[in-house]
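In this text the structure is predicted, and so the values were computed from the model without any measurement. Basis for what follows: all heavy atoms, side chains included, without hydrogens, waters or symmetry-related copies.
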Amino acid sequence: MSVAEELVARSNRLGADPRTTNYAGGNTSAKGTATDPVTGSDVELLWVKGSGGDLGTLTEKNLAVLRLDRLRALVDVYPGVDREDEMVAAFDYCLHGKGGAAPSIDTAMHALVDALHVDHLHPDSGIAFATAADGEALTAEVFGDSVVWVPWRRPGFQLGLDIAEIKAKNPQAIGCILGGHGITAWGDSSDEAEERSLEIVRTAEAFIAEKLAEGPHPFGDVVQTPLPDDERRARAAALAPVIRGLASTDKPQVGHYTDSEVVLDFVSRAALGRLAELGTSCPDHFLRTKVKPLVVDLPSDAPIEEVVGRLKELHATYRADYQGYYDRNATPDSPAIRGADPAIVLVPGVGMFSFGKDKQTARVAGEFYVNAINVMRGAEAISTYVPIDEAEKFRIEYWALEEAKLQRMPKAKPLATRVAVVTGAGSGIGRAIAERLAAEGACVVVADLNLEGASEVAAALGGPDVAIAVKADVTSEEDIARLIAETSLAFGGVDLVVNNAGLSISKPLLDTTAKDWDLQHDVMARGSFLVAREAARAMIAQDMGGDIVYIASKNSLFAGPNNIAYSATKADQAHQVRLLAAELGAHGIRVNGVNPDGVVRGSGIFAGGWGAQRAATYGVPEEELGAYYAQRTLLKREVLPEHVAAAVFALTGPDLVQTTGLHVPVDSGVAAAFLR
């Protein structure tokens, strides 16, 4: 196994255990020798996890590869701690070949510590020691001289020099605890480094567990009992759009809801307010969670209207506090404030809402705050929790290097941060719409009566960070209320709804039964109304505007034979577009429609018997129905599901934001169905 392969394997093992390090946190390295392809001689290299990588999913392409002789030579040109950020650019001149991933700020630590293998990790137990008021004394008590305390220093070249010096002066040491930050361990082999990392983590865990067993709960008494499961999730679903709207004041956010035992216990305890106000400490934590959360200070059973009102007051206070934090610490060369909204909102009895630029970012922010809870519990069990001070947090949050990393992020897709619900999305046109919206950056809820088909579509779109499947009968008020609730719990709210669910029965008037009539009107007219009504409630609560799109039909305008029930209900849908556009415009909600025709290939309706019925009506073989429809159009082109999906994107994307009450024909040109 090569040096790089061995490093990746070790990293994956360490990263797979959340007790050892958090997502994308920490870094690992290995030193070795390779042949220089230019000189043919041996060259000493450092393989180290690159910037932004995750240990649990690390591959060789995520490693930065640098020449050790050049890295060590940087010590001689280091201009001092006041200018240490300049050293990051110097790493680029130390790369070997194309160098692999971009070197991280911790590269100096790995290069300068005199050990072949180095692990820098952010375990909850290690950070608990690192943030304990008497962490230095506790480190000596628990580890003796095998683990050395390093006072807080921002990650960078100087920290690398400090740890290298500590390693040199303490040959008996297996690693160190970095005040306010995490741990570093080293070894002469990959196995030894890993064993020493785990020894530090497990020893700290055992000491914390012993103290937890001995004393009272470090978070104090339970003062807010969590609500029962069903009641808790119902309240969370009702609050989620409100909270998301507040958290999106500066820029739209996607939400994530967590009601794990760890979270519910923390928000139930007497120490919640005190500890939450202190904020997080490890840089990986507060870069994702902001320096502190917003905490609702009402009883868990307070009337929901009262909670909503209090949330708005607390949000205004939070924004003012964050602006004050920025103003107190910003310097003339600091980046502009990035937004004053909370990333974490804690609601006693209910749980935690976390926010980010996409679902994964929102989920990971919540996971990091769970790490922070574990850290606070451990620190309070063995001592008193004391995070790094505000000024140091600001220096990292508004670090020029962090700003540069943000500026390198790829441009957001057009529908990024938008949450879409598509009914009838398990197949046909609905599936094509779900696929297009997801491709344009939206989070998608695939709603369908056929849960198996919906689940297949959601999985193909990328799984729960992109799409979820919900079984929904659009004729049922209970199902639709649950659909919007599940959407709010999964992504924080809803921004875009596509009323696509439908069916058709083609019969002459005299053969059309009342049951035929009722079924089609229940699914498409009543169903669209129910979905639009529930979605509008959430959108209005969010106060972020929104889009409702009806997949109507050319038949809403065109009078054809043997189609009374279907065409009448499509006309109903078409007028719902106009009615709701007029009513919901005051809330910034746009309502538009798409009128497709002749979508045969991939259509669930046509495959379910409608195609055979229409083919019989027109006297053509069923397999030629799509071509028949195309030939009667002005463009002579067949309409496919993706063409309907393109129209939905056009109506909901960034280019038609002033358009509402419109019906877009997607029929290749049927003159009789022209809008007049």
What's the verdict on side-chain contact (heavy atoms from CB on, under 4.5 Å) for Thr384 and Glu380, showing C-alpha distance, side-chain angles and the deciding distance? CA-CA 5 Å; Thr384 302; Glu380 290 282 305; 3.8 Å; yes

If we only count heavy atoms from C-beta on, is the Phe353 to Arg244 side-chain gap below 4.5 Å?
no

Shortest non-hydrogen pair, Ala237 vs Leu489, comes out as N-CD2, 3.7 Å

State, without any angle test, whether His117 and His110 hold a side-chain donor-acceptor pair at a distance under 3.5 Å. no

Item to check | Side chains of Val350 and Ser300 in contact at under 4.5 Å (non-hydrogen atoms) | outcome: no

In sequence, state the C-alpha distance, the side-chain angles, and the governing distance for Phe157 and Thr107, and then conclude on side-chain contact (heavy atoms from CB on, under 4.5 Å).
CA-CA 8 Å; Phe157 202 86; Thr107 298; over 6 Å; no

* Asked: Taking the inter-plane angle between the rings of Tyr318 and Tyr322 on a 0 to 90° scale, is it parallel (under 30°), tilted (30 to 60°) or perpendicular (over 60°)?
  -> parallel

- Item | Residues Asp341, Arg319: salt bridge by 4.0 Å N-O rule | yes

### Query
Using 30° and 60° as the class limits, which term best fits the ring planes of Phe266 and Phe219: parallel, tilted or perpendicular?
perpendicular

TODO: Classify the ring geometry between His181 and His120 as parallel (under 30°), tilted (30 to 60°) or perpendicular (over 60°).
DONE: perpendicular

Backbone of Pro387 reached by a side-chain donor or acceptor of Trp152 within 3.5 Å
no

Measuring only between side-chain heavy atoms, which start at C-beta, is Met87 closer than 4.5 Å to Pro79? yes

query: Is the backbone N or O of Asn22 less than 3.5 Å from a side-chain atom of His122, with the two atoms forming a donor-acceptor pair by type?
result: no

#### Entry: Salt bridge flag under 4.0 Å for residues Lys31 and Asp188
no

From the list Leu314, Leu275, Leu272, side chain to side chain contact (heavy atoms under 4.5 Å, CB included) partner of Val295 resolves to Leu272

Could you check if a side-chain atom of Ile243 sits within less than 4.5 angstrom of a side-chain atom of Phe355, using non-hydrogen atoms only?
-> yes

Note to self: Is there a side-chain contact between Thr33 and Leu45 in this structure, where contact means two heavy atoms from C-beta onward sitting under 4.5 Å apart?
What the structure shows: no

When rounded to the nearest 0.5 Å, the distance separating CD of Gln224 from CG of Leu264 is 12.0 Å

_Less than 4.5 Å apart, side chain to side chain, heavy atoms only: is that true for Asn62 and Lys49?_
no

Closest heavy-atom pair, Ile105 versus Val88, reported as atoms and distance to 0.1 Å, is CD1-CG2, 3.3 Å

Q: Test side-chain contact (heavy atoms from CB on, under 4.5 Å) on Ser334 and Phe394 and set out the steps.
A: CA-CA 10 Å; Ser334 293; Phe394 183 88; 3.8 Å; yes

Q.
Using the rule given for side-chain contact (heavy atoms from CB on, under 4.5 Å), can you reason through Ile174 versus Val147, listing the C-alpha separation, both sets of side-chain angles and the distance that settles it, and then say yes or no?
A. CA-CA 6 Å; Ile174 65 171; Val147 177; 4.1 Å; yes

*Under a 4.0 Å N-O cut-off, is there an ion pair linking Asp17 with Arg202?*
yes

query = So does Glu192 pair up with Arg196, basic N to acidic O under 4.0 Å?
reply = yes

Problem - Lys167 side-chain N/O to Asp114 backbone N/O, donor-acceptor pair under 3.5 Å - result: yes

message: Are more than 12 heavy atoms, taken from residues, nucleotides or ligands other than Arg70, located less than 6.0 Å from that residue's CZ atom?
response: no

message: Check whether Asp259 reaches the backbone of Met352 with its side chain - one donor and one acceptor, N or O, closer than 3.5 Å.
response: no

- Keeping the roles fixed (side chain from Asp134, backbone from Ala137), state whether a donor-acceptor pair exists under 3.5 Å. no

Check the surroundings of atom CD in Glu261: do more than 12 heavy atoms from other residues, nucleotides or ligands lie under 6.0 Å from it?
-> no

Rounding to 0.5 Å, atoms CG (Leu71) and CG (Leu66) come to a distance of 5.0 Å

The reported gap from OG1 in Thr203 to CD1 in Ile208 (rounded to nearest 0.5 angstrom) is 11.0 Å

The side chain to side chain contact (heavy atoms under 4.5 Å, CB included) partner of Val201 among Asp124, Thr21, Ile183 is Ile183

> Within the side chain of Lys393, is there an N or O that forms a donor-acceptor pair under 3.5 Å with the backbone of Thr280?
Replying inline: yes

- prompt: Donor-acceptor pair, Arg10 side chain versus Ser29 backbone, under 3.5 Å?
  reply: yes

So CZ of Phe368 and OG1 of Thr289: to nearest 0.5 Å the spacing works out to 9.0 Å

Would the distance check show the side chain of Asn170 and the main-chain N or O of Gln172 forming a donor-acceptor pair, the cut-off being under 3.5 Å?
no

key: Electrostatic pair Arg363-Glu367, nearest N-O below 4.0 angstrom   = yes

Heavy-atom closest pair (Pro218 atom, Ala381 atom, distance to 0.1 Å) is CB-N, 3.8 Å

Would you call Arg67-Glu44 a salt bridge at under 4.0 Å N-O? no

- Message: Is it the case that the side chain of Glu5 and the backbone of Ser2 share a donor-acceptor pair, with hydrogens and angles ignored and the cut-off at 3.5 Å?
- Response: yes

The reported gap from SG in Cys443 to CG in Asp465 (rounded to nearest 0.5 angstrom) is 8.0 Å

**Prompt:** Looking just at side-chain N and O atoms, do Ser281 and Thr131 make a donor-acceptor pair shorter than 3.5 Å?
**Reply:** no

Notebook entry, point to check: Within the side chain of Ser104, is there an N or O that forms a donor-acceptor pair under 3.5 Å with the backbone of Asp106?
Noted result: yes

Of all heavy-atom pairs linking Ile127 and Gly182, the shortest is CG1-CA, 4.1 Å

Is there a side-chain contact between Ile382 and Glu141 in this structure, where contact means two heavy atoms from C-beta onward sitting under 4.5 Å apart? no

* Can a salt bridge be assigned to the pair Arg269 and Asp265 using a cut-off of 4.0 Å between side-chain N and carboxylate O? -> yes

Please report the C-alpha distance between Arg154 and Asp85 in whole Å, then the side-chain angles of each, then the deciding distance to 0.1 Å, and finally whether the salt bridge (charged side-chain N to carboxylate O under 4.0 Å, His left out) criterion is met. CA-CA 11 Å; Arg154 187 177 66 163; Asp85 288 0; 3.3 Å; yes

Exactly one of Glu392, Glu390, Arg395, Glu397 clears side chain to side chain donor-acceptor pair (under 3.5 Å) with Asn329, and that residue is Glu390

| message | Does any part of the side chain of Phe129, heavy atoms only, come nearer than 4.5 Å to the side chain of Ser383, both counted from C-beta? | response | no

Correct closest heavy-atom pair for Leu55 and Asn27 would be CD2-CA, 4.3 Å

Report the relative orientation of the aromatic rings in Tyr398 and Tyr326; use parallel for angles under 30°, tilted for 30 to 60°, perpendicular for over 60°. perpendicular

CD of Glu194 to CG of Leu7, rounded to nearest 0.5 Å, is 11.0 Å

Asp230, CG atom: more than 12 neighbouring heavy atoms under 6.0 Å:
no

Scanning both residues in full, the closest heavy-atom pair of Leu95 with Pro103 reads CD2-CG, 3.8 Å

